[in-house]
Amino acid sequence: MTRPTPNWPITTQLPQPSDGPAPDRPRAYPRHETPHTPLRPLWCCRACGNPWPCSMARLLLKVEYGRNEIGLSIYLSGLFYEATRDLYHLNPHDGPTPRALFTRFVAWSPYRRPLPLPLPLPPR
């Protein structure tokens, strides 16, 4: 028995992912200050010029997301994707490594899985 040929072309390439979240957080605090949001495509802080997320942006993001640690990790992972794409397009030869970008964007976030507790030993 032969398989029918599909009417559409078969490809092994995945589609280009869509854009990540808008980097509009953390919000400015106090409101009249320049917000500590990223200046794209360089990914430096608009307020202080340090690589984003700067220490103030990290602090404000932790406060803004509060107990929603998973939401913060998802938001930062989306920005990690955006920054990787932007910085690679700016300078593909000597830009930051993926490990450095992961550490900068995602690894500092507070969400961590708790360590599993060791199983109790069976009685003898």
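When a residue number appears, it is its place in the shown sequence, counting from 1.
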Hey, can you pull the donor-acceptor pairs under 3.5 Å for the side chains in residues 95-106, sequence neighbours left out?
unit_1: Thr97; atom_1: OG1; unit_2: Ala100; atom_2: N; d: 3.1
unit_1: Thr103; atom_1: OG1; unit_2: Arg99; atom_2: O; d: 3.0
unit_1: Arg104; atom_1: NE; unit_2: Trp52; atom_2: O; d: 2.7
unit_1: Arg104; atom_1: NH2; unit_2: Trp43; atom_2: O; d: 2.5
unit_1: Arg104; atom_1: NH2; unit_2: Trp52; atom_2: O; d: 3.1

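- For Phe80, the CZ atom sits in a packed shell: over 12 heavy atoms of surrounding residues, nucleotides or ligands are nearer than 6.0 Å.
- No path of Ile, Leu, Val, Met, Phe, Trp and Tyr side chains, each step under 4.5 Å between heavy atoms, connects Leu39 with Tyr81, placing them in separate hydrophobic clusters.
- Of the inter-residue distances, the one linking Ser109 atom OG with Ile74 atom CD1 reads 10.5 Å to the nearest 0.5 angstrom.
- At least one side-chain heavy atom of Trp108 sits under 4.5 Å from a side-chain heavy atom of Leu61.
- Minimum interatomic distance between Glu69 and Gly66 (heavy atoms only, all atoms of both residues): CG-O, 4.3 Å.
- Cluster annotation: Leu87 is connected to Leu42 through the hydrophobic network of ILVMFWY side chains, with a link wherever side-chain heavy atoms come within less than 4.5 Å.
- Rounded to the nearest 0.5 Å, atoms CG (Leu59) and CD (Glu64) are 11.5 Å apart.
- For the side chain to side chain contact (heavy atoms under 4.5 Å, CB included) test, residues two or more places apart in sequence or in another chain that qualify with Cys48 are His36, Cys45, Asn50, Cys54.
- Counting only distance, with no hydrogens or angles, the side chain of Arg58 and the backbone of Pro53 share a donor-acceptor pair below 3.5 Å.
- Residue Lys62 holds its NZ atom at 14.5 Å from CG of Asn68, rounded to the nearest 0.5 Å.
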